[in-house]
Protein chains: 2
Amino acid sequence: MQSNKPTESELQILQILWEFGPSSVRYVNDKLNDTREVGYTTTLKIMQIMSDKDLVSRDTTQRTHIYSSHVSEDHTQQNLLSSFINSAFRGSATKLVMQALGTDKATTEELQEIKDLIAKIEKTKS
Amino acid sequence: MQSNKPTESELQILQILWEFGPSSVRYVNDKLNDTREVGYTTTLKIMQIMSDKDLVSRDTTQRTHIYSSHVSEDHTQQNLLSSFINSAFRGSATKLVMQALGTDKATTEELQEIKDLIAKIEKTKS
DNA sequence: AAGTATATACGAATAACTTCGTAGTTGCAA
DNA sequence: TTGCAACTACGAAGTTATTCGTATATACTT
């Protein structure tokens, strides 16, 4: 069970590892630099810290270490979400959902998915 | 237009101002202490900073200053939400909604509200 | 009027996170 | 085999946010 909340920088790195799989520091740093400027050793340092915290594991058998996410995207999102709901929406997930739907340009398919989920939830309520 | 992101502490204070309306530092500090221990001058300092940032306005005509939120709850939530969706859900509001619904114990009424909203959105799509 | 309680202001310590310089190692290419 | 490129490790500076001690002013109570 992993409940350690990643910091903003750590989360950005996790996103990359989730999307592209196990990667070197160089690769992650390049991806980060697609969106913002950040030095190589900065990325290295943060990934080392993440390794200490067990947010990632690393393979050090080669000179170039390969890092893998050690926490699942779903669990991490779930943790972040629940603390976000508490801090920003006073605990009301429904309020958050309403706001998110209100401004999102969800596709028809996505709306259908959501409706299906709601139907499923309603079923368990009876 | 106010897009300055409040910090965690500032947000807690805003929540209190939103819920109870214009308040003194003493009042806010007491409310904060319902959930966590925090010194009076700490709360004072943060509220002064918030005043500098224009997150709150204050009435200083009396010895006991009265602080009011200067940003709306909805707008603030909207800002926080959109940056949260980007940082934690790679921009997918739908994914967030699905996760939020998945673990929330929404009441039947709330689910109905959400369904109504979806219906309304679908209508604008045709 | 004196003493106590309650305010604000402000500077500085602490803490958490980010950033980067520098040193040292290893591999590769001329 | 020398020199350059790319890697890790590490310490320390920089940044932002939080916390609180202390000074000072104002009101209330007896």
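So that the names make sense, note that chain A is the first sequence line, chain B the second, and so on, each numbered from 1. Just so we're clear, the structure is a prediction, and the values are computed from it rather than from any experiment.
- Distance B:Arg36 CZ to D:dA17 P: 15 Å, rounded to the nearest Å.
- Residue B:Thr41 places no side-chain N or O under 4.0 Å from the OP1 or OP2 atom of D:dG21.
- A:Leu55 and A:Ile66 fall into different hydrophobic clusters, where Ile, Leu, Val, Met, Phe, Trp and Tyr side chains are chained together by heavy-atom contacts under 4.5 Å.
- In summary, A:Lys31 and A:Glu19 do not engage in a salt bridge, as defined by a charged side-chain N under 4.0 Å from a carboxylate O.
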Decide yes or no on side-chain hydrogen bond (donor to acceptor under 3.5 Å, both in side chains) for A:Asp116 and A:Gln112, but give the supporting numbers first.
CA-CA 6 Å; A:Asp116 290 348; A:Gln112 188 56 51; 3.0 Å; yes
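- Looking at A:Arg63, its side chain comes within 3.5 Å of the base of D:dA6 through a donor and an acceptor atom.
- Transitive grouping of hydrophobic side chains (ILVMFWY, heavy atoms separated by less than 4.5 Å) keeps B:Ile49 and B:Leu44 in distinct clusters.
- OP1 or OP2 of D:dT18 has at least one side-chain nitrogen or oxygen of B:Thr7 nearer than 4.0 Å.
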Can you check side chain to side chain contact (heavy atoms under 4.5 Å, CB included) on B:Asp74 and A:Lys95, steps first, answer last?
CA-CA 10 Å; B:Asp74 273 2; A:Lys95 181 118 199 285; 3.5 Å; yes
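- Below 30°, between 30° and 60°, or above 60°: for A:Tyr27 and A:Phe20 the angle between ring planes is above 60°, a perpendicular geometry.
- For the pair A:Arg26 CZ and D:dA6 P, the interatomic distance rounds to 7 Å; values are reported in whole Å.
- Across all strands shown, B:Thr42 has heavy atoms under 4.0 Å from base atoms, whether or not it also approaches the sugar-phosphate.
- When the P atom of D:dT8 is taken as reference, atom CG of A:Leu44 falls 6 Å away, rounded to whole Å.
- Atom P of nucleotide D:dC28 and atom CD of B:Gln62 are separated by 11 Å, given to the nearest angstrom.
- From the 5' end on, the contacts that DNA chain C makes with chain A at under 4.0 Å to a non-hydrogen atom open and close at C:dC17 to C:dG27.
- Rounded to an integer number of Å, the gap from CE of A:Met47 to P of D:dC7 is 12 Å.
- One can place CG of A:Asn29 at 13 Å from C1' of D:dA6, the figure rounded to the nearest angstrom.
- Contact annotation: side chain of A:Lys45 to base of D:dG11, donor-acceptor pair present below 3.5 Å.
- Both B:Arg58 and A:Thr43 sit near DNA chain C, but only B:Arg58 has its closest nucleotide nearer the 5' end.
- In this structure, B:Lys53 places its NZ atom 9 Å from C1' of D:dT16, rounding to the nearest Å.
- Atom NE2 of A:His65 is separated from atom C1' of D:dA6 by 13 Å (rounded to the nearest Å).
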Kindly indicate, with the supporting measurements, whether the criterion side-chain hydrogen bond (donor to acceptor under 3.5 Å, both in side chains) is fulfilled by A:Thr103 and B:Gln78.
CA-CA 9 Å; A:Thr103 50; B:Gln78 197 55 64; 3.3 Å; yes
